[in-house]
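To start, the structure itself, in structure tokens.
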2 protein chains.
Amino acid sequence: MQACGLIVEYNPFHNGHVYHLEEARKKSNADCMITVMSGSFLQRGEPAIIDKFHRTKAALKSGIDIVVELPYVFAVQSSDLFAKGSVQTLHELGVSSICFGSESGDITDFTSSHTTFKARETQYRETLQSNLDLGLSFPEASRIAYREIGLTTDRMDLSKPNNILGFSYVKAIVENNLPIEPLTIKRSKSNYHDETITSSIASATSIRKELFAFGIMTPEIASTIPENTEHQLKIYKEKTKVWHSWEAYFPFLHYRVMTMTTDELQQIQGVDEGLENRIKKTANQAASFQEWVEKIKTKRYTWTRLQRIFVHILTNTKKADMNFVQSLSRIPYVRILGLTENGKAYLNQVKKDMEVPIVTQLSRSMNEMLSIEEKASHAYYSILPPAIRKQLHRQELAPPIFV
Amino acid sequence: MQACGLIVEYNPFHNGHVYHLEEARKKSNADCMITVMSGSFLQRGEPAIIDKFHRTKAALKSGIDIVVELPYVFAVQSSDLFAKGSVQTLHELGVSSICFGSESGDITDFTSSHTTFKARETQYRETLQSNLDLGLSFPEASRIAYREIGLTTDRMDLSKPNNILGFSYVKAIVENNLPIEPLTIKRSKSNYHDETITSSIASATSIRKELFAFGIMTPEIASTIPENTEHQLKIYKEKTKVWHSWEAYFPFLHYRVMTMTTDELQQIQGVDEGLENRIKKTANQAASFQEWVEKIKTKRYTWTRLQRIFVHILTNTKKADMNFVQSLSRIPYVRILGLTENGKAYLNQVKKDMEVPIVTQLSRSMNEMLSIEEKASHAYYSILPPAIRKQLHRQELAPPIFV
């Protein structure tokens, strides 16, 4: 058997994801489709709309064979570390290819961009640093540096988040000499950040926006997602009464910040350059999470970067907890959230050659990465009533979902 | 002018307190009545039912002249430190007497008990320690030791919390050679911890119980409190929709514990002897605060002790923050919450002789005790909607209440 890996968040799993999955299956000729998926908190620093277990079920019932969790320390990160963790995880599982969506749909755009990048990396780094020194945000500084070394072309716009991610995946594969073929599929229609639903293939952003706006499943939303997703969203909402959004965490986040000293705040991952004072000073001026971020935002501290920092505050993730990630030469474990019969067959085939353990549940004997996972999971469920949060958290200690 | 000091929590201010106030006024012959009052969190480790500012207003309108806040580091403490902080604060304000309630109503019971205690202190300490070593709680061990040195008599039952507090006040006065006359008044009827209202003089415990049970002001409750208290309770509830109880803080407390490592929990004031593991282990088994404490409680860890520890967790108060308290030779400041015209006249008279500063609001230039106050205040208001908590917290930065 051969496997193809997809790097996803499925927030929620929608028709665009179905298209991506089926195209990837064709293109890769694989007989097992594996996704590495962010868990409770996502790359842009947001809570997932429903928990990872319900998202896993939706994916497994729509054609994915194995869902693996991308650990928190890679999931809530900028593109390079996000890509490193995702690609390494898929590599441990022995995938032959990784397939991602892009505007151009031509993998040579990415591989040749990477060749150019390596040839001009010093120039890139210098330009990046001088732009950072001017007070620009990392994404903005990086965008300018890419353009300056000739990497941004009409075919390959490195100011688009999806292209940056694709580029980071290719980088992670090539620079680590991994025996993985990078593949890409032309994205169908909807832009990554479209705010409204305009067809049955809609962006996750627009779908979440409608879900929050209506609070219930509408026919329009249902038209953009598979029935399995519709079902999981509905049962999650019935159980918990919520779809998770930052605003629901605002009281906890505010409470936490107001009972921390600035010294303690300064120990949190991402809090630098006096940001601790700015976060404290603005806390009581904001009546919502949205307002709070608006008040802190600067040229340098983008919305996404601040959201990631707020996730780290909420989960009490410190610089000292994260230090080890940069120097990790490989992923310490692979955590299976769920799998199908077909996924199980594949796993049985590769298991004996795997160099890191497969973990299926949080347990007492945890390494430092799993202890961060546990805090993140508790923080994620904290907005729910005691009986429900206890029930949902129990899944963390259970065997993987099997459908 | 001469002042008499009362040591209070006013949770809430009721008819028994009016009686105490008026009797103390007569007995002391003072022309200014000063109370030192616990702020957001109380001696038994509970949030106050309404905030300190509304409790201050009720007291000032019912005959108290000055309300001073007992700092958190003394308020949420066992009787000796609670008494030390209260007596020292009143001493800084130059009171001539301190008047407290007791069963016997005869101050010689307390002063002669203290003489006996001093004569047999070594024996008391030895018996106390050996009982602690047997795993008894501090109150229980202390009770036995008092009995053994002959301190508990029919007239002076040192197993009653109120007598222990009175004894601690006298101890703090005598052992520091303070020029303060201790006075006591026989408590009228209701026992400290009566659970039901049986007359117009009812215990604060029974009044709170009814307030929580009915959620509104009933004629029966109203019959036990002055009109001013009734008014303050009503407007507080109208503004905030709540009367503060531990259960309202349960989600925040649970969230906090679940995102702390056991090492971090071990740094919190009062968390010793592996209690951090017990707190963590039981957290997800409890559907309420009540249930949680029930599950942790042991012979050694009494309900009150655990509640105090939970207050410290909620407010993020660490051992390192509290260390300095034991060695404080005097209170670093006196914080006025409110005063009357008469109180102002008294204050003008004594101000010039005071050896510590008068503080009227939390400010940017805070010492370590005020920074703990600020965290406690934010934790206290955290259960309220943003606009309300902001509005109520603003009082911390305002001049004292003047009625």
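Owing to the predicted nature of the structure, the values given are computational and were not obtained by experimental measurement. Proteins come first, then strands; the chains are lettered A, B, ... in the order of their sequence lines, and each starts at number 1.
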Please check this pair: side chain of Y255(B) against backbone of L314(A), looking for a donor-acceptor N/O pair closer than 3.5 Å.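 Between the backbone of L314(A) and the side chain of Y255(B) there is a qualifying donor-acceptor contact (under 3.5 Å).
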
Given that the side chain runs from C-beta out, which part of A387(B) has a heavy atom under 4.5 Å from chain A: side chain, backbone, both or neither?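 Neither part; nothing is under 4.5 Å.
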
Looking at every heavy atom in both P386(B) and A286(A), which two are closest together, and how far apart are they?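 Taking every non-hydrogen atom into account, CB-O, 4.3 Å.
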
To the closest 0.5 Å, what do you measure between OG1 (T259(A)) and CD1 (I372(B))?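 If I round to the nearest 0.5 Å, the distance is 13.0 Å.
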
T261(A) OG1 to K318(B) NZ distance, which is reported to the nearest 0.5 Å: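 One gets 6.5 Å once the value is rounded to the nearest 0.5 Å.
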
Before giving the answer on side chain to side chain contact (heavy atoms under 4.5 Å, CB included), spell out for N316(B) and E264(A) the whole-Å C-alpha distance, their side-chain angles and the decisive distance to 0.1 Å. CA-CA 11 Å; N316(B) 190 24; E264(A) 287 171 328; 2.9 Å; yes

Show every salt bridge (charged side-chain N to carboxylate O under 4.0 Å, His left out) that has at least one partner inside residues 375-393 of chain A, sequence neighbours left out.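 As it turns out, the salt bridge (charged side-chain N to carboxylate O under 4.0 Å, His left out) pairs with a partner in residues 375-393 of chain A, which skip direct neighbours, are D321(A)-K375(A).
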
Any V257(B) side-chain heavy atom under 4.5 Å of H378(A) side chain: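 Not touching, per the 4.5 Å side-chain cut-off.
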
Given side chains that start at C-beta, do those of S382(A) and F252(B) come closer than 4.5 Å, heavy atoms only?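 Not in contact.
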
Less than 4.5 Å to any heavy atom of chain B: does that hold for the side chain of [X], its backbone, both, or neither?
| X | value |
| --- | --- |
| F250(A) | side chain |
| A287(A) | both |
| R256(A) | side chain |

